[in-house]
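Read through the structure below, which is laid out as structure tokens, and then see the notes.
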Number of protein chains: 2
Amino acid sequence: MKNQSKPVYLKLRDMIAAAIIDGRYAEGDMLPSVRALAAEQGANPLTVAKAYQQFQNDGLVEVQRGVGMYVVPGAAGRLRKSEREAFLREEWPEIRARMDRLGVSARELLAEA
Amino acid sequence: MKNQSKPVYLKLRDMIAAAIIDGRYAEGDMLPSVRALAAEQGANPLTVAKAYQQFQNDGLVEVQRGVGMYVVPGAAGRLRKSEREAFLREEWPEIRARMDRLGVSARELLAEA
DNA sequence: CGCGGTGTATTATGGCACTGAAGCAGTCTG
DNA sequence: CAGACTGCTTCAGTGCCATAATACACCGCG
């Protein structure tokens, strides 16, 4: 029902963001090259570059031309913080309203953990 | 952060679905004509028709040619049920994983209610 | 019947996002 | 310098979305 086909570059972006937050791409580490990640994910190098671009703009990764892209110190924390705020501010209210309309109990779902 | 620009016809679809579930378009009622709703929402009649089309396909709305489109009896319940299932199956797991990663606790979410 | 209200089909057009292919530019290593 | 790696730029193709302008088919009412 819901169109779950997000653009590839956004899926990659989320994938990378999760990896940074979880520390699988540690601060100071070099990210996989666009070509390497593209090959691994079966995507186009340009599409990967577009995903990386998002992080550059936010200053979470730094580019060394001809070398690679590095995770900036503090990136994991800042990323978690900003995503957390964005989630609470923009996504949760809608989700909550949706759950109420559909008769889904938030308390019930959150208790399962 | 999250791209909130969904296609117009999907936004209309969600808007109408919410109205049906909430009973603002009651079962047996006639929906606004494509031209009327288009004018009201500043959209194109064809785009509205495309949104309505979704509900016809699911048998939630019946067309009386030359008259209008009517909400089928039981539509609200069926719609709520199917959306509820889709939500729990497709959206909730991702939301839950996201919350865990971002360190959002159930407690702080439920406190707002 | 005639008129104005419904939804629908057709065709064309412009815009935009996504993806892709090839090549350019910078850096490191030997 | 030569080669192999990096990211980046440019040009192009594809498909979806939204819009528009018509035209058609049906119904209810006077």
What is the nucleic acid contact for B/Gln56, judged by heavy atoms within less than 4.0 Å: base, sugar-phosphate only, or nothing?
-> sugar-phosphate
Give the C-alpha distance, both sets of side-chain angles, the deciding distance and a yes or no for salt bridge (Lys or Arg N to Asp or Glu O under 4.0 Å) between A/Lys6 and A/Asp14.
-> CA-CA 11 Å; A/Lys6 282 198 297 187; A/Asp14 288 346; 2.7 Å; yes
Considering just the side-chain nitrogens and oxygens of A/Asn44, establish if one lies under 4.0 Å of OP1 or OP2 belonging to C/dT19.
-> no
Could you grab the distance from atom CG of B/Leu37 to atom OH of B/Tyr52, nearest 0.5 Å is fine?
-> 4.5 Å
Within less than 4.0 Å of OP1 or OP2 of C/dT19, is there a side-chain N or O belonging to A/Tyr9?
-> no
Does OP1 or OP2 of D/dG7 have a side-chain N or O of A/Gln53 closer than 4.0 Å?
-> no
Atom CG of B/Asp29 and atom P of C/dT6: how far apart are they, to the nearest Å?
-> 16 Å
Mind calculating the distance between CG (A/Leu12) and P (C/dG20) to the nearest angstrom?
-> 11 Å
Separation of A/Lys11 atom NZ from C/dA17 atom C1', in whole Å?
-> 15 Å
Please figure out whether A/Gln64 or B/Arg65 has its closest DNA chain D nucleotide nearer the 5' end.
-> A/Gln64
Let me know the distance between CG of B/Leu31 and P of C/dT6, rounded to the nearest Å.
-> 12 Å
Along DNA chain D (nearest heavy atom to each residue), the more 5'-positioned of A/Val63 and B/Pro45 = A/Val63
Among D/dC17, C/dG23, C/dG20, the one nearest A/Arg35 by side-chain distance = C/dG23
Going from NZ on B/Lys50 to CG on B/Leu12, what distance comes out if it is rounded to the nearest 0.5 angstrom?
-> 11.5 Å
What integer distance in Å separates B/Leu37:CG from C/dG5:C1'?
-> 16 Å
In terms of heavy-atom contacts, does CD of B/Glu62 have more than 12 from other residues, nucleotides or ligands at under 6.0 Å?
-> no
Choose from D/dC17, C/dG7, D/dA20 the nucleotide whose nearest atom is closest to any side-chain atom of B/Lys50.
-> D/dC17
Look at the side chain of B/Ala43 and decide which nucleotide, out of C/dC28, D/dT19, D/dG7, has an atom nearest to it.
-> D/dT19
Taking the side chain of B/Met69 as heavy atoms from C-beta outward, which of D/dC27, C/dG7, D/dA21 is closest to it?
-> C/dG7
Would you kindly give the CD-to-C1' distance between A/Glu62 and C/dG26, to the nearest whole Å?
-> 16 Å
Are A/Glu94 and A/Arg98 within salt-bridge range, i.e. N to O under 4.0 Å?
-> no
Mind calculating the distance between CD (B/Gln54) and C1' (D/dC17) to the nearest angstrom?
-> 13 Å
From CG of B/Leu46 across to P of D/dT22 the rounded distance in Å is 14 Å
Please check the phosphate of C/dG5 (OP1 and OP2 only) for any side-chain N or O of B/Ser33 closer than 4.0 Å.
-> no
